[in-house]
Amino acid sequence: MESYNFKSIEKKWQDKWEEAKIFHAENGSDKPKYYTLIEFPYPSGAGLHVGHPRSYTALDIIARKRRMEGYNVLYPIGWDAFGLPTENFAIKNKVHPKIITAQNIANFTRQLKMLGFSFDWDREVNTTDPNYYKWTQWIFLQLFKHGLAYKQEMPINWCTSCKVGLSNEEVVNGVCERCGGEVVQRRKSQWMLKITEYAQRLIDDLDEVDYLEKIKTQQKNWIGRSEGAEVKFKLSTGDEMVVYTTRADTLFGATYTVMSPEHPLIEKMKDSITNYDEVEAYKAEAAKKSEFERTELAKDKTGVKLESIYAINPANGEKLPVFISDYVLVTYGTGAIMAVPAHDSRDWDFAKKFDLPIIEVVAGGEDVQKEAYTDVYKGKMVNSGFLTGMTVKEAIPAMIDWLEKEGLGKRKVNFKLRDWVFSRQRYWGEPIPLVHCDKCGWVAIPESELPLVLPEIDTFEPGENGESPLAKATDWINTTCPHCGGPAQRETDTMPQWAGSSWYFLRYMDPHNNDALASKEALEYWSPIDWYNGGMEHTTLHLLYSRFWHKFLYDIGVVPTKEPYMKRTSHGMILGENNEKMSKSRGNVVNPDEVVNEFGADAFRTYEMFIGAFDQSTPWSQQGLKGCYKFLERVWNLQNIITDGEGYTSDLESSIHKTIKKVGEDFERMKFNTAVAAMMSLVNDYSKKGAITKDEYKVLLILLNPVAPHMTEELWEKYGDGGFLSIHAWPEYDEAKTVDEEIEIVLQINGKIRDKLTIPAGLDKDGTVEAAMESERIKSLTEGKTIIKVIAVPGKLVNIVVK
RNA sequence: GCGGAUAUGGCGGAAUUGGCAGACGCGCUAGAUUCAGGUUCUAGUGAGGGUUCCUUCAUGCAGGUUCAAGUCCUGUUAUCCGCACCA
């Protein structure tokens, strides 16, 4: 027998699989379909991270198992290749991002192929390919035509020293990442997408899909639906300030009101505000802070009182001071609040700082002068007029009913979710296919002109005054209006990286189609995605954006399902050996090339699955990797003990059936670590016995194939039934043979284990108790004591309570 | 501050429904084998106490429910991830 030579084996089988196209997914096959999806990678210059293959191997196992179960499986791969790092590298090294992208993709492709994933490479997609982004632009045009895209002034990060717009990522601790210069907020007109119009449906339809509960929770919390009321406060100027509150019950406890510094009423009332200079100064100060900074400084509240202005509490007619403060955001609710310091901790902080009264209106907590009492489940209303005596739950609707009757307010549902800022002032993204005409406004370019290809320009530096680098491409910008034929200019902003990744899974279904993003037949056949796995870091944005686009495409009749993904799971991060995030600066990065070179792809895959609980973060261990290599070697060396016998021998039969059951079930539950452990145990059983039949060896090879496909194919060629193991049938088990005839149960006295007993499986409760009472140890330990109670759990234990 | 998660031997982790805590692997110890080894095999391995056997303690911390708690409840601490102070 030759020794285990993974190098030649892995290359050999990768070539054979490719040649025979056994991972080819057939559109419209008669077999049942199964669509497994992993998040397509951003092809970075750093190459593959050992974290990538964790997800890829997991779903590769599922994909391979499904093929063995007779499904027509689609397991595709592609590149999310637009983005900032490539663009910044291009600026620095004066190379076109296209060239860098191609290099990075080539490297990623080599690395992924060396790991033996069963991707259908014929369906590879690339978001930067004009044949791909043609359809990204097409979807945007449909959104535009349906009124879901609009322009609005939004703040951008502006580096005062580089004089360029920056992404949030490039702002580190409030300063520019490149030069350390001051970053301020500048307003710029940006394209927005009305995702908020889908907020309710994005919550409701979660009921129809099988996502991990924590993922659903995060989606819901991000969308953040709240039911409350809008309440009108008359101001001393005669103006009306509308506030949003979820705690209408506390209206009698309002002791002041706050507007966000950007609130339009401030400007309107400027002649009545006697300290307007101070107000302006505060507004300027607030404009400097990014939202990130406002969050950071949350504890120390700041604000300015609007002198000579007061608001009237509609519940009791009290005059309340009006403040502006940046802890109130213009983007949420109405941009103004009524402050109830007794029952909201932020209001409480502010009230303490500005020495404002704190009036208790919900009893049940400690002293509200010392701490805000925010519990809505306990406590009764006090000091609250007609609400006094009610519970909070009763008082909220009672107050809103009263406000509605008096015309002072109304019920209102609010969402935290905000519309999606869709413009980027960058080069390496999809051009937005619109032109601006002085006569006609913003006009869509004809669909026949798609794709609108990125123009070639010399430098990719961001434009001055916060404009896109495309602003320099004058030839490209100047065009004619498709509507009136007059002169017009193209939009120079590009789309965010999220655009291409919001629909890529549809393109996989029919990647070479030139007439549609995918054919109706392909969409009907493959939709929806059966299982999608990805990182927790994408559970809010990417997942939400792609669900939103999918729902829109459903509404306009392009896709056949309301939801894109039937099932969504997530994996944990792989950390460095020192338990910290892998990074160049920490020097703890593990290079997949080196691992595969030294131990092979199969050992790498096996270790990635064995490393720990799939959904949790876990540190890399070179020793652990070695252990998995040793396991594969032991499997290989079992060849030495194959005998002429057939079938399963009686002393291994039960182990084999149990292992088939456990491995299959564990794969489905994503408990890959225990599935591998079960196979290790079976190998231990085989070795211990010292002789196995060919059938016993073969069943091990089948079970192990999805994890370590190359080695098992090689051994199958020698010992199997011919053909590719990768498409051989998944084994079945006999439930009856997974059950032991005799089982060991535990005998306890007062909950402490005192003896163990072997009894026939299936013995009933009375029989079990009877057998327990026969135990010599139990007899001697209970002698002279009163037996109060005997608890028996058949098949598990007997607990005798004595005194 | 808000939202989500996590905490079990020297290490990664297991325990599917409240029912033997520590499966499996790493590491370590001893022995065998190889001319030396980082190879392979065998046995042992949570801690403490008496030593074939037994016993006490032990799942971040403090309480509670239960015949029985890693698992359920209340409180608390630490760490990680995300964030848009969400009224």
Side-chain angles (χ1 to χ4, degrees), chain A residues 168 213-215 217-218 220-222 224-226 228 243-247 250 258 290-292 294-299 301 325-329 331-340 343-347 349-350 414-418 535-541 570 572-573 575 577 579-581 606-607 610-613 615-628 630-631 633-634 637 662 665-666 669 671 673-681 683-684 687 744-754 756 788-793 795-802:
Chain A
N168 284 338
E213 215 38 58
K214 64 178 170 185
I215 295 175
T217 306
Q218 281 208 10
K220 282 183 195 160
N221 288 348
W222 186 265
R225 183 182 198 275
S226 70
V243 309
Y244 177 72
T245 180
T246 55
R247 292 294 304 274
T250 60
V258 191
S290 65
E291 282 188 355
F292 177 76
R294 283 193 182 193
T295 317
E296 279 296 291
L297 303 168
K299 276 163 234 160
K301 297 280 185 285
S325 171
D326 61 9
Y327 85 97
V328 173
L329 301 180
T331 49
Y332 183 74
T334 59
I337 62 157
M338 63 179 211
V340 186
H343 305 292
D344 182 288
S345 41
R346 290 154 304 165
D347 297 347
D349 291 341
F350 191 88
N414 246 326
F415 295 97
K416 283 195 240 175
L417 186 68
R418 303 202 301 231
M536 272 315 270
E537 71 272 21
H538 289 130
T539 43
T540 44
L541 296 178
S570 72
M573 241 189 296
L575 306 170
E577 295 232 26
N579 232 319
E580 286 173 24
K581 210 169 170 173
T606 307
Y607 178 58
F610 188 64
I611 189 167
D615 59 347
Q616 272 161 44
S617 296
T618 184
W620 183 266
S621 155
Q622 202 67 15
Q623 291 295 340
L625 168 66
K626 258 190 206 167
C628 287
K630 248 167 69 179
F631 163 65
E633 247 186 350
R634 292 186 69 198
N637 291 336
K662 177 142 183 75
E665 288 177 356
D666 282 357
R669 297 190 303 144
K671 299 273 182 183
N673 54 339
T674 52
V676 173
M679 290 188 270
M680 286 173 169
S681 289
V683 169
N684 289 345
S687 308
E744 192 182 59
I745 63 160
V746 175
L747 306 185
Q748 298 178 327
I749 293 175
N750 292 345
K752 295 217 186 279
I753 296 155
R754 286 297 178 260
K756 291 186 181 178
I788 297 169
K789 201 174 185 184
V790 178
I791 293 117
V793 183
K796 299 261 181 185
L797 56 68
V798 175
N799 187 14
I800 301 161
V801 186
V802 299

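Proteins get letters first, then strands, A, B, ... in listed order; numbering begins at 1 in each.
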Working for side chain to side chain contact (heavy atoms under 4.5 Å, CB included), residues T250(A) and M338(A)
CA-CA 10 Å; T250(A) 60; M338(A) 63 179 211; 3.6 Å; yes
Output, in order, the C-alpha distance, side-chain angles, deciding distance and verdict of side chain to side chain contact (heavy atoms under 4.5 Å, CB included) for L797(A) and I745(A).
CA-CA 5 Å; L797(A) 56 68; I745(A) 63 160; 5.5 Å; no
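Across the protein-nucleic acid pair, L625(A) atom CG and rG25(B) atom C1' stand 12 Å apart, rounded to whole Å. Here rA5(B) presents its C1' atom at 6 Å from NZ of K214(A), a figure rounded to the nearest Å. Atom pair K301(A):NZ and rC85(B):P shows a separation of 10 Å (rounding to whole Å applied). The separation between D344(A) atom CG and rC2(B) atom P is 11 Å, rounded to whole Å. With rounding to whole Å, I749(A) atom CD1 is found 17 Å from rC20(B) atom P. In this structure, CD of Q218(A) is placed 12 Å from P of rU6(B), rounded to the nearest angstrom. Atom pair L575(A):CG and rU79(B):P shows a separation of 16 Å (rounding to whole Å applied). Put simply, CZ on R346(A) is 6 Å from C1' on rC85(B), counting in whole angstrom units.
Residue contacts shown for S621(A) are absent, as no nucleic acid heavy atom lies under 4.0 Å away. Residue L417(A) is classed as a base contact, given a heavy-atom separation below 4.0 Å to a base. At the heavy-atom level, S226(A) lies under 4.0 Å from the strands shown only through sugar-phosphate atoms. K796(A) comes within 4.0 angstrom of sugar-phosphate atoms only, judged by non-hydrogen atoms across all strands, and of no base. If you check every strand for non-hydrogen atoms under 4.0 Å, N684(A) touches sugar and phosphate atoms only. When heavy atoms are screened at a 4.0 angstrom cut-off, G627(A) is found touching the sugar-phosphate backbone but no base atom.
For the pair Y607(A) and V676(A), the minimum side-chain heavy-atom distance is 4.5 Å or more. Within the 4.5 Å cutoff, no side-chain heavy atoms of R225(A) are placed close to those of L417(A). Side-chain contact between V683(A) and M680(A) is absent, with no heavy atoms from C-beta onward closer than 4.5 Å. Side chains of L747(A) and R754(A) form no contact here, defined as non-hydrogen atoms less than 4.5 Å apart.
In terms of the side chain to side chain contact (heavy atoms under 4.5 Å, CB included) criterion, residue partners of K756(A) (sequence neighbours excluded) are, by chain and number, E744(A).
One P atom belongs to rU29(B), the other to rU39(B), and the distance between them is 13 Å to the nearest Å. Straight-line distance between the P atoms of rG60(B) and rG9(B): roughly 8 Å, to the nearest whole Å. A gap of 9 Å separates the C1' atoms of rG13(B) and rG25(B), to the nearest Å. Rounded to whole Å, the C1' atom of rA14(B) lies 30 Å from the corresponding atom of rG31(B). Of the C1' atoms belonging to rU8(B) and rU59(B), the separation is 4 Å, rounded to the nearest Å. Between rC61(B) and rG70(B), the distance separating the two C1' atoms is 15 Å to the nearest Å. Of the C1' atoms belonging to rA5(B) and rC67(B), the separation is 34 Å, rounded to the nearest Å. Going from the C1' atom of rG10(B) to that of rC2(B) covers 38 Å, rounded to whole Å.
When the nearest nucleotides of RNA chain B are assigned to G224(A) and M536(A) by heavy-atom distance, the more 5′-ward of the two goes with M536(A). The residue among A336(A) and M573(A) whose nearest nucleotide of RNA chain B lies closer to the 5′ end is M573(A).
In terms of modelled atom types and a separation under 3.5 Å, the side chain of Y332(A) and the main chain of R418(A) share no donor-acceptor contact.
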Could you run down nucleotides 49-59 of chain B 5' to 3' and tag each one B, S or - for protein heavy-atom contact under 4.0 Å?
-----SSSS--
Expected string for nucleotides 38-48 of chain B under the B/S/- scheme (protein heavy atoms, under 4.0 Å, primed atoms plus P, OP1, OP2 as sugar-phosphate) is --SS-------
Could you go through nucleotides 10-12 of chain B and list every protein N or O atom that sits under 3.5 Å from one of its N or O atoms, giving the distance for each pair?
unit_1  : atom_1 : unit_2  : atom_2 : d
rG12(B) : O3'    : T618(A) : OG1    : 3.1
rG12(B) : O2'    : I611(A) : O      : 2.4
rG12(B) : O2'    : T618(A) : OG1    : 3.4

Filtered N/O pairs between nucleotides 65-72 of chain B and protein, under 3.5 Å:
unit_1  : atom_1 : unit_2  : atom_2 : d
rC67(B) : OP1    : K789(A) : NZ     : 3.3
rC67(B) : O2'    : N799(A) : ND2    : 3.2
rC67(B) : O2     : N799(A) : ND2    : 2.6

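Of the candidate nucleotides rA15(B), rC26(B), rC20(B), rC20(B) has the atom nearest to the side chain of V746(A). When distances run from any side-chain atom of V793(A) to the nucleotides rG19(B), rA15(B), rC20(B), the shortest one goes to rG19(B).
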Secondary structure of RNA chain B in dot-bracket form (Watson-Crick or G-U wobble, distances below 3.5 Å, | marking inter-strand pairs):
(((((((..(((......[....)))((((((.......))))))((((....))))..(((((..]....))))))))))))....
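By the rule that a glycosidic angle within 90° of 0 means syn, rG44(B) does not qualify and counts as anti.
The base of rC24(B) lies outside donor-acceptor range of the side chain of N673(A), with no N or O pair under 3.5 Å.
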